[in-house]
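Right, one structure below, let's go through it.
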There are 2 protein chains.
Amino acid sequence: MATHHKGPVKEIRALDCYIKLIRAADSAMAKVCRRLADVRLTGTQFGTLEALYHLGPLSIGQIAAKLLKSGGNLTMVLDNLEKRGLIARERSTEDRRSIKIHLTSEGHQLMQHIFPHTAQFIAEQMEHLTPNEQDRLGALCRKLGKAISET
Amino acid sequence: MATHHKGPVKEIRALDCYIKLIRAADSAMAKVCRRLADVRLTGTQFGTLEALYHLGPLSIGQIAAKLLKSGGNLTMVLDNLEKRGLIARERSTEDRRSIKIHLTSEGHQLMQHIFPHTAQFIAEQMEHLTPNEQDRLGALCRKLGKAISET
DNA sequence: CTCTAATAGTTTAACATCGAATCTTTTGCA
DNA sequence: TGCAAAAGATTCGATGTTAAACTATTAGAG
């Protein structure tokens with residue numbers, strides 16, 4: 001996009017950066033998802049299980065906020081995980097509007113089994129950059145992501 | 001994810017970087033897509049039109065490669081753009097397997113109208129980073145994306 | 001030349017994704 | 001206290017997305 005667009009230099013630089021950011025994230029994500037397909041999990045399913053694995057039971061809204069997804073989306077993803085017996089829904093007693101999601105023992109076992117491999121696989125992908133480069137990339141992404149989501 | 005995972009320091013750094021990259025790209029993309037919804041375009045629809053606008057007629061395979069999407073996906077996206085009369089399919093005469101996609105005059109007019117605003121909007125989002133930071137982010141993303149997609 | 005392998009697109013099934021509408025429960029305030 | 005507004009979740013409709021199976025066409029080896 002950027003390279004074919006005639007416009008102010010500032011704009012070209014920004015578009016160029018945008019395109020590279022989206023593409024890099026896309027490539028990384030796609031690679032990880034392909035690996036997760038071996039255990040019949042999608043990226044969002046893994047993200048959901050991972051949140052529950054490391055943070056304990058969460059409400060649907062909390063999971064949606066963590067993964068930056070809509071509530072309607074989470075309903076569907078949780079349905080699919082529930083069908084496979086990896087998570088369970090439980091209506092909250094204090095606030096009956098809310099639903100607590102927790103891992104079943106199968107869900108927990110699955111994560112215990114696959115999380116280390118997945119984490120290592122992701123790390124391998126990122127190690128195409130040096131540790132120092134990773135720190136810089138992380139910092140820039142953090143700054144940008146924060147600024148965009150706050151405005 | 002990274003912050004709750006106990007593991008080698010190298011792995012934590014890599015996971016942390018990965019998460020920030022995905023989130024930043026997600027936030028940026030989501031913001032742009034919300035803006036495009038004003039003209040009833042999705043992100044991929046805009047990407048397709050933009051490629052045709054700046055590069056001229058392309059085959060479906062070429063568009064898919066450019067956008068990093070599957071062929072099946074493009075079939076659907078092009079169907080929707082065709083329904084709206086923004087693009088047209090034309091069977092190639094030299095190679096009858098191939099189909100050339102080109103913008104209709106409406107499609108061209110639409111892009112003429114909306115591309116400058118969209119480009120400016122994207123630039124505004126990226127300008128949460130200084131020009132120098134944009135260059136560095138772009139370079140790191142380029143290096144990472146290239147390395148990942150080549151292995 | 002002819003058959004086979006490769007290539008370009010489409011179709012299909014399963015899942016993801018959003019936004020808007022809806023339903024239930026809770027909360028705030030008059 | 002009673003009711004309107006807000007909040008949590010689901011449903012619905014449209015679109016995106018992939019991988020795998022399938023169709024049509026072309027190209028290449030023998």
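In this text the structure is predicted, and so the values were computed from the model without any measurement.
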(Q) Students often get this wrong, so: under 4.0 angstrom with heavy atoms, is B/Arg40 touching a base, only sugar-phosphate, or nothing? (A) nothing
Q. Looking for any heavy atom pair under 4.0 Å, which part of the strands does B/Arg91 touch: base, sugar-phosphate only, or nothing?
A. nothing
Looking at residues at least two apart in the chain, or sitting in another chain, which of them share a side chain to side chain donor-acceptor pair (under 3.5 Å) with [X]?
| X | answer |
| --- | --- |
| B/Lys10 | none |
| A/Asp26 | none |
| B/Lys143 | A/Glu133 |
| A/Ser105 | none |

(Q) Taking atom NZ as the centre, does A/Lys146 end up with more than 12 heavy-atom neighbours from other residues, nucleotides or ligands that are less than 6.0 angstrom away? (A) no
**Q.** Summary of ring-ring contact (aromatic ring centres under 6.0 Å, His included) pairs that have at least one residue in residues 76-114 of chain B, sequence neighbours excluded
**A.** B/Tyr53-B/His108, B/His113-B/His117
Q) Applying ring-ring contact (aromatic ring centres under 6.0 Å, His included), which residue pairs with at least one partner in residues 59-98 of chain B are found, sequence neighbours left out? A) none
Q. Which residue, B/Ser59 or A/Glu94, contacts DNA chain C at a nucleotide closer to its 5' end, judged by nearest heavy atom?
A. B/Ser59
Q: On DNA chain C, check which nucleotide each of A/Gly43 and B/Asp95 is closest to and give me the residue with the more 5' one.
A: B/Asp95
Q: Mind checking side chain to side chain contact (heavy atoms under 4.5 Å, CB included) for B/Ser70 and listing every partner two or more places apart, or none if nothing turns up?
A: B/Asn73
Q. Just how far, in rounded Å, is P of D/dG8 from CD1 of A/Ile63?
A. 14 Å
Q. First and last nucleotide of DNA chain C in contact with chain A, 5' to 3', at under 4.0 Å to a heavy atom: what are they?
A. C/dC15 to C/dT26
Q. Using a cut-off of 4.0 Å between protein heavy atoms and nucleotide atoms, how would you tag nucleotides 13-24 of chain D 5' to 3' with B, S and -?
A. --SSBBS----B
